[in-house]
Enquirer: 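To start, I am sharing the structure in question, which I have written as structure tokens.
Count residues from 1 along the sequence. Both counts, for ligands and for their atoms, begin at 1 and track the order of listing.
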Amino acid sequence: MAVFVYAENINGVYKKAALEAVSYAKAVADQAGDTVTAISVNPTDSSDLLYKYGASNVINIKDEGLKNFSAKAFAQAVSEVADGNIIVFPHTTDASSVAPMLAVMKNYSLITNVLAAPESLSPFQVKRRAFSGKGFMHAKAEGTGVIITVSQNAFGVKENAVSGSEEVKNLSVVNEDTKVVSHEQSSGKLDLKEAEVVVSAGRGMKGPENWGMIEDLANVLGAATACSKPVSDIGWRPHTEHVGQTGKAISPNLYIAVGISGAIQHLAGVNSSKTIVVINSDPEAPFFKSADYGVVGDAFQIIPALTEKIKAIKG
Ligand SMILES: Cc1cc2nc3c(=O)[nH]c(=O)nc-3n(C[C@H](O)[C@H](O)[C@H](O)COP(=O)(O)OP(=O)(O)OC[C@H]3O[C@@H](n4cnc5c(N)ncnc54)[C@H](O)[C@@H]3O)c2cc1C
């Protein structure tokens with residue numbers, strides 16, 4: 001049962017989500033008694049990184065036409081080299097648009113947002129996130145092959161070094177669907193979806209001029225910053241920071257929500273976080289029901305004091 005994994009890179013550099021997908025594929029391959037073949041498009045990072053997490057073979061696709069991302073063209077390229085019956089993807093924005101296209105091309109089953117190693121391989125059955133993270137389900141694949149996307153920060157990045165070999169495939173896939181019009185870079189230093197710690201704030205911050213304290217707290221924690229939807233809608237923060245049902249879905253180890261009420265649409269994107277801390281002046285704020293730790297009080301007093309305390313502990 002050959003196991004393939006799509007190792008996504010950004011500008012040639014492997015994402016943490018790619019290493020997590022390789023770690024996951026290795027666990028599947030161990031169950032199947034087989035090896036992992038990783039596929040990457042125009043990487044600049046060394047394949048050594050993929051061997052470290054369990055890929056025994058690496059296929060590097062070289063294709064000038066794939067410099068700009070297009071789900072259809074990338075799916076076409078992956079379909080030309082992936083001939084396994086289990087293909088693992090990270091559940092990133094790009095990869096989770098390639099995976100369904102590939103499933104259609106190969107006539108394989110598709111199971112998205114997978115949370116754990118498979119319960120069985122034949123038939124392939126696995127636990128996945130459902131209903132925007134409000135529940136779980138056990139999904140069973142039908143047919144000859146299955147494509148899965150692994151929810152970020154669910155399985156974890158696990159070192160499992162193997163000796164590996166690399167193969168370069170020169171392709172020339174037609175990619176006429178995509179033209180880059182503009183490129184918006186997240187203002188935070190860290191990629192929000194990959195961050196272990198996220199400091200997020202909402203309308204309770206009163207205005208964009210007050211975000212300095214959120215950024216200070218994020219800096220001392222090595223965290224990414226996020227925000228609620230209305231905050232990005234009114235332009236206080238960039239849309240790249242918007243989390244929730246209509247924004248990014250994230251699952252960091254620690255999510256600190258400041259001045260956010262905890263509407264169901266916000267929770268849909270953050271309730272898979274491992275630990276949630278809520279800071280809100282209203283003791284009746286709905287977010288407290290989903291919090292592991294809650295602080296009732298004024299963020300304008302709590303956040304600077306918390307930042308100073310953490311600085312002192314770290315110093
Ligand atoms: C179809 C649809 C999709 C949506 N998708 C999303 C989504 O993806 N993401 C999202 O976030 N929202 C989404 N929303 C909007 C959502 O319903 C809420 O309106 C929104 O999340 C509220 O944002 P907020 O918590 O920042 O603001 P508010 O609801 O105004 O809450 C502000 C909070 O700040 C607290 N506060 C005020 N002053 C202080 C202070 N000094 N210190 C501490 N706390 C203070 C208040 O007590 C309050 O709880 C969606 C809505 C719809 C209808």
Enquirer: Mark up the atoms of ligand 1 that fall under 4.0 Å of a heavy atom belonging to Gln245, in ascending order.
Expert: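 Those qualifying, in numeric order: 7 (C), 8 (O).
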
Enquirer: Please identify which atoms of ligand 1 are closer than 4.0 Å to at least one heavy atom of Phe300.
Expert: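 Matching atoms, with element in brackets: 41 (N).
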
Enquirer: May I ask which of Ala299, Ala226, Gly244 has a heavy atom nearer to atom 42 (N) of ligand 1 than the others do?
Expert: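 That would be Ala299.
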
Enquirer: Are any non-hydrogen side-chain atoms of Phe74 and Val41 less than 4.5 angstrom apart?
Expert: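 Contact flag for Phe74/Val41 side chains = yes.
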
Enquirer: Does this structure show an ion pair linking Lys274 with Glu196, if we count only N-O contacts that are shorter than 4.0 Å?
Expert: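 Answer for the salt bridge query: no.
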
Enquirer: Parallel, tilted or perpendicular for Phe287 and His266, by the 30°/60° rule?
Expert: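 Geometry flag for His266 against Phe287: perpendicular rings.
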
Enquirer: Would you mind checking which non-hydrogen protein atom is closest to atom 11 (O) of ligand 1, with the distance to 0.1 Å?
Expert: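 Checked against all protein heavy atoms, atom 11 (O) of ligand 1 sits closest to His266 ND1, 2.8 Å.
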
Enquirer: Heavy atom to atom 52 (C) of ligand 1, shortest distance: which of Gln265, Lys229, Arg203 holds it?
Expert: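 Heavy atom nearest to atom 52 (C) of ligand 1 belongs to Gln265.
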
Enquirer: Under the criterion side chain to side chain donor-acceptor pair (under 3.5 Å), I'd like the reasoning laid out for Ser151 against Arg129: C-alpha separation, chi angles, the key distance, then a yes or no.
Expert: CA-CA 8 Å; Ser151 190; Arg129 204 187 300 289; 2.5 Å; yes

Enquirer: If you count heavy atoms of other groups shown closer than 6.0 angstrom to NZ of Lys309, is the number above 12?
Expert: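 No.
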
Enquirer: Nearest protein heavy-atom contact for atom 5 (N) of ligand 1: which residue, which atom, what distance?
Expert: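 Scanning the protein heavy atoms, the shortest distance from atom 5 (N) of ligand 1 goes to Thr246 OG1, 2.8 Å.
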
Enquirer: Which ligand 1 atoms, with their elements, are less than 4.0 angstrom from a heavy-atom of Gly297?
Expert: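 Near Gly297, the atoms of ligand 1 are 42 (N), 43 (C).
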
Enquirer: Only one of Lys16, Lys248, Lys15 forms a salt bridge (Lys or Arg N to Asp or Glu O under 4.0 Å) with Asp191, so which one is it?
Expert: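 When Lys16, Lys248, Lys15 are each tested with Asp191, the salt bridge (Lys or Arg N to Asp or Glu O under 4.0 Å) holds only for Lys15.
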
Enquirer: What protein heavy atom is closest to atom 35 (C) of ligand 1, reported as residue, atom name and distance in Å?
Expert: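 Answer for atom 35 (C) of ligand 1: Asn280 OD1, 3.4 Å.
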
Enquirer: Checking a contact table here: which protein heavy atom is nearest atom 41 (N) of ligand 1, and how many Å away?
Expert: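 Answer for atom 41 (N) of ligand 1: Asp298 OD1, 2.9 Å.
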
Enquirer: Starting from atom 18 (C) of ligand 1, locate the nearest protein heavy atom and write down its residue, its atom name and how far away it is, to 0.1 Å.
Expert: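 Nearest neighbour among protein heavy atoms for atom 18 (C) of ligand 1, to 0.1 Å: Ala263 CB, 3.6 Å.
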
Enquirer: How far is atom 37 (C) of ligand 1 from its nearest protein heavy atom, and which residue and atom is that?
Expert: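 Result: Gly204 CA, 3.5 Å.
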
Enquirer: Nearest protein heavy atom to atom 25 (O) of ligand 1: under 4.0 Å?
Expert: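 Yes, there is a protein heavy atom closer to it than 4.0 Å.
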
Enquirer: Ignoring hydrogens and angles, tell me if any N or O in the side chain of Gln125 forms a donor-acceptor pair with the backbone of Glu119 under 3.5 Å.
Expert: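 Checked: no pair found.
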
Enquirer: So among Glu80, Glu167, Glu166, which one has a side chain to side chain contact (heavy atoms under 4.5 Å, CB included) with Ile59?
Expert: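 Single pass found, and it is Glu167.
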
Enquirer: Any protein heavy-atom neighbour for atom 1 (C) of ligand 1 (distance below 4.0 angstrom)?
Expert: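 No, no protein heavy atom sits under 4.0 Å from atom 1 (C) of ligand 1.
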
Enquirer: Heavy-atom distance under 4.5 Å between the side chains of Phe89 and Ser96, does that happen here?
Expert: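 No, side chains not in contact.
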
Enquirer: In the protein, what heavy atom is nearest to atom 20 (C) of ligand 1, and what distance, to one decimal place, separates them?
Expert: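 The closest one turns out to be Pro230 CD, 3.7 Å.
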
Enquirer: Distance to 0.1 Å, residue and atom name: give those for the protein heavy atom nearest to atom 45 (C) of ligand 1.
Expert: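 I find the closest protein heavy atom is Ser281 OG, 3.2 Å.
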
Enquirer: Is Phe287 touching ligand 1 with its side chain, its backbone, both, or neither, if touching means heavy atoms under 4.0 Å apart?
Expert: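 Answer for Phe287: neither.
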
Enquirer: Can you tell me if Met205 contacts ligand 1 (heavy atom of the residue under 4.0 Å from the ligand)?
Expert: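 Contact check Met205 vs ligand 1: negative.
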
Enquirer: Near His242, which atoms of ligand 1 are under 4.0 Å from a heavy atom of that residue?
Expert: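 Near His242, meaning under 4.0 Å from one of its heavy atoms, ligand 1 has 7 (C), 8 (O), 9 (N).
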
Enquirer: Looking only at side chains, do Ser251 and Asn153 share a donor and an acceptor under 3.5 Å apart?
Expert: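 No - no donor-acceptor pair under 3.5 Å links their side chains.
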
Enquirer: Side chains of Tyr255 and Ser200: any donor to acceptor distance under 3.5 Å?
Expert: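 Side chains of Ser200 and Tyr255: pair found under 3.5 Å.
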
Enquirer: Could you check which of Ser228, Ser261, Gly259 puts a non-hydrogen atom nearest to atom 34 (O) of ligand 1?
Expert: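 Of the listed residues, Gly259 has the closest heavy atom.
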
Enquirer: Under a heavy-atom criterion of less than 4.0 Å, does Gly247 contact ligand 1?
Expert: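 Under 4.0 Å: yes for Gly247.
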
Enquirer: State, with a plain yes or no, whether a side-chain heavy atom of His91 is found less than 4.5 Å away from one of Val150.
Expert: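 A side-chain contact under 4.5 Å is absent here.
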
Enquirer: Could you establish whether Ala268 and ligand 1 come within less than 4.0 Å of each other, counting only heavy atoms on the residue side?
Expert: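 No, Ala268 has no heavy atoms under 4.0 Å from ligand 1.
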
Enquirer: Tell me whether Val243 reaches ligand 1 (any heavy atom closer than 4.0 angstrom to a ligand atom).
Expert: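 True for this residue.
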
Enquirer: With heavy atoms of Gly202 as the reference, note each atom of ligand 1 found under 4.0 Å away.
Expert: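 So the atoms of ligand 1 that pass are 26 (O).
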
Enquirer: Supply the members, apart from Ile313, of the Ile/Leu/Val/Met/Phe/Trp/Tyr cluster built from side-chain contacts under 4.5 Å; use none for a lone residue.
Expert: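 Besides Ile313, the hydrophobic cluster comprises nothing; the residue is isolated.
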
Enquirer: Are Glu159 and Lys26 close enough for a salt bridge, meaning some N to O gap below 4.0 Å?
Expert: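 A salt bridge is absent here (no side-chain N lies under 4.0 Å from a carboxylate O).
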
